[in-house]
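Worksheet: one structure, shown below.
Computed from a prediction, not measured in an experiment: that's the story for all the values here. Values reported hereafter were calculated over all heavy atoms of this structure, with side chains retained and with hydrogens, waters and symmetry mates removed.
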Amino acid sequence: MIDAKSLQEEFPILGQEVNDEPLVYLDNAATTQKPKAVLQTIEDYYYKDNANVHRGVHSLAERATKKYEAAREKVRQLIHAHERAEVLFTRGTTTSLNWIAQSFGDAFIHEGDEIVISYMEHHSNVVPWQQLAKRRKAVLKYIPLTKDGFLDIDEARKQITDKTALVAIAHASNVLGVINPIEELTQLAHKHQAVIAVDGAQAVPHMPVDVEKLDVDFYAFSGHKMCGPTGIGVLYGKRYWLEQMEPVEFGGEMIDFVHPYESTWTELPWKFEAGTPNIAGSIALASAIDYLTKIGFAEIYQHEKELVNYVLPRLQAIDGLTIYGPPEPRDHTGVIAFNLDGLHPHDVASALDMEGVAVRAGHHCAQPLLEYLDLAATTRASFYLYNTKEDADRLVEAIKVTKEFFKNGTF
């Protein structure tokens with residue numbers, strides 16, 4: 001069982017006041033805060049080990065390279081990849097998905113092929129496929145949702161056919177708080193000889209993930225959403241595909257030999273990692289993985305479930321508050337999107353900020369979803385391992401205060 005109140009002491013940023021109120025940080029779907037252990041890792045690297053990797057033979061370079069590749073092994077263990085060569089370091093989920101679209105897509109998607117995604121996707125899992133479809137004259141198709149925000153699996157079976165070359169889907173929604181049935185979708189895609197790519201940005205930080213068990217072809221996620229630094233992410237790919245794919249960036253590090261008019265690439269995974277990588281970010285991501293693993297991903301998942309079980313009924317009881325996604329707490333991740341009748345989400349978020357409660361407002365980089373739901377924007381609260389029931393109470397009370405303020409004009 002997680003003692004979230006004690007954990008907050010390990011995150012320096014959470015100890016501050018905002019607008020004369022103790023900070024309650026509920027924007028974790030956008031980015032998470034960093035524990036002292038991760039911050040110390042970044043500092044230690046720059047103080048003691050700062051050198052380029054895979055190039056020098058001096059002590060600093062060897063230490064940096066050893067820690068960088070040890071970080072890759074940490075990631076492999078985390079997601080249960082078969083081998084380190086299947087783990088590529090990128091700038092984040094967006095870069096990872098773009099690499100798939102540009103490298104795999106340009107090589108294996110042909111005119112008339114179908115690319116299937118859903119209406120709940122983040123822009124990072126929409127725009128690359130739009131552009132790929134235009135480049136390759138392919139057809140982009142959408143899986144609709146049920147009235148409660150679940151992926152309509154019956155419709156998925158209709159959309160994914162023998163014409164489907166690629167299925168790209170979020171493991172968990174950053175707006176609706178649903179978890180998609182990845183194993184079932186993978187089996188469906190593979191039944192039709194299609195490849196499946198998964199956006200795991202909202203899943204890996206919150207639950208155990210096993211890419212071999214899921215049998216996905218590609219899986220992407222970001223470090224900053226799991227207590228790591230910004231600017232570091234991961235692309236997992238099956239060796240079968242990575243061996244056949246061409247790099248999308250070229251330069252140092254990823255070459256074998258460079259001749260005046262042609263070059264050859266080094267082996268996996270380095271053939272995709274051109275230039276000086278985010279060494280500090282990779283090592284700090286390993287530190288974040290250590291931190292979260294010590295707590296336990298199953299425990300993190302259970303903690304968020306307990307918070308949602310506690311707060312969702314309280315939010316549903318507020319008159320004039322509409323919540324999007326499944327109505328039952330058991331079906332919800334720690335992401336809760338809502339609107340207050342008659343109020344713009346930006347006004348709601350600003351009012352909550354005056355109460356010290358940090359939430360998100362806007363389209364959450366999911367405009368196709370909001371268009372599908374006939375919405376312009378929503379307010380979103382998202383919980384993580386360091387949030388408490390007291391934080392949930394502060395959210396509920398701040399919403400009530402906001403409602404009264406706009407009704408009566410006084411805080």
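Scanning for salt bridge (Lys or Arg N to Asp or Glu O under 4.0 Å) contacts around Asp215 gives Lys238, with sequence neighbours left out. With sequence neighbours excluded, no residue satisfies salt bridge (Lys or Arg N to Asp or Glu O under 4.0 Å) with Glu246. Every salt bridge (Lys or Arg N to Asp or Glu O under 4.0 Å) that Glu253 has, sequence neighbours left out, goes to Arg55. Every salt bridge (Lys or Arg N to Asp or Glu O under 4.0 Å) that Arg84 has, sequence neighbours left out, goes to Glu73.
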Side-chain donor/acceptor pairs under 3.5 Å, residues 133-140, sequence neighbours excluded:
| residue | atom | partner | partner atom | Å |
| --- | --- | --- | --- | --- |
| Arg135 | NE | Asp106 | OD1 | 3.0 |
| Arg135 | NH2 | Ala101 | O | 3.3 |
| Arg135 | NH2 | Asp106 | OD1 | 3.0 |
| Arg136 | NE | Ile109 | O | 2.8 |
| Arg136 | NH2 | Ile109 | O | 3.3 |

Can you give the donor-acceptor pairs under 3.5 Å from side chains of residues 356-369 to other protein atoms, not counting sequence neighbours?
| residue | atom | partner | partner atom | Å |
| --- | --- | --- | --- | --- |
| His363 | ND1 | Cys365 | N | 3.0 |
| His364 | NE2 | Gly362 | O | 3.3 |
| His364 | NE2 | Thr378 | O | 3.2 |
| His364 | NE2 | Thr378 | OG1 | 2.7 |

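Residue pairs meeting the side chain to side chain donor-acceptor pair (under 3.5 Å) criterion with at least one member in residues 267-286, sequence neighbours excluded: Asn52-Thr276, Tyr68-Glu273, Glu69-Trp270, Arg72-Glu273. Sorted by first and then second residue, the ring-ring contact (aromatic ring centres under 6.0 Å, His included) pairs with a member in residues 271-322 read Phe11-Tyr291; sequence neighbours excluded. Screening residues 155-208 for ring-ring contact (aromatic ring centres under 6.0 Å, His included), with sequence neighbours left out, gives His171-Tyr219, His206-Tyr384. For residues 85-94, the set of pairs meeting the salt bridge (charged side-chain N to carboxylate O under 4.0 Å, His left out) definition, not counting sequence neighbours, comprises Arg91-Glu249. Residue pairs meeting the side chain to side chain donor-acceptor pair (under 3.5 Å) criterion with at least one partner in residues 316-334, sequence neighbours excluded, are Tyr324-Asn339. Screening residues 12-24 for side chain to side chain donor-acceptor pair (under 3.5 Å) gives Asn19-Asp353 as the qualifying pairs, with residues at least two apart or on separate chains.
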With side chain to side chain contact (heavy atoms under 4.5 Å, CB included) as the criterion, how do Leu78 and Met226 come out once you've worked through the C-alpha distance, each side chain's angles and the decisive distance to 0.1 Å? CA-CA 12 Å; Leu78 172 70; Met226 53 184 298; 3.8 Å; yes
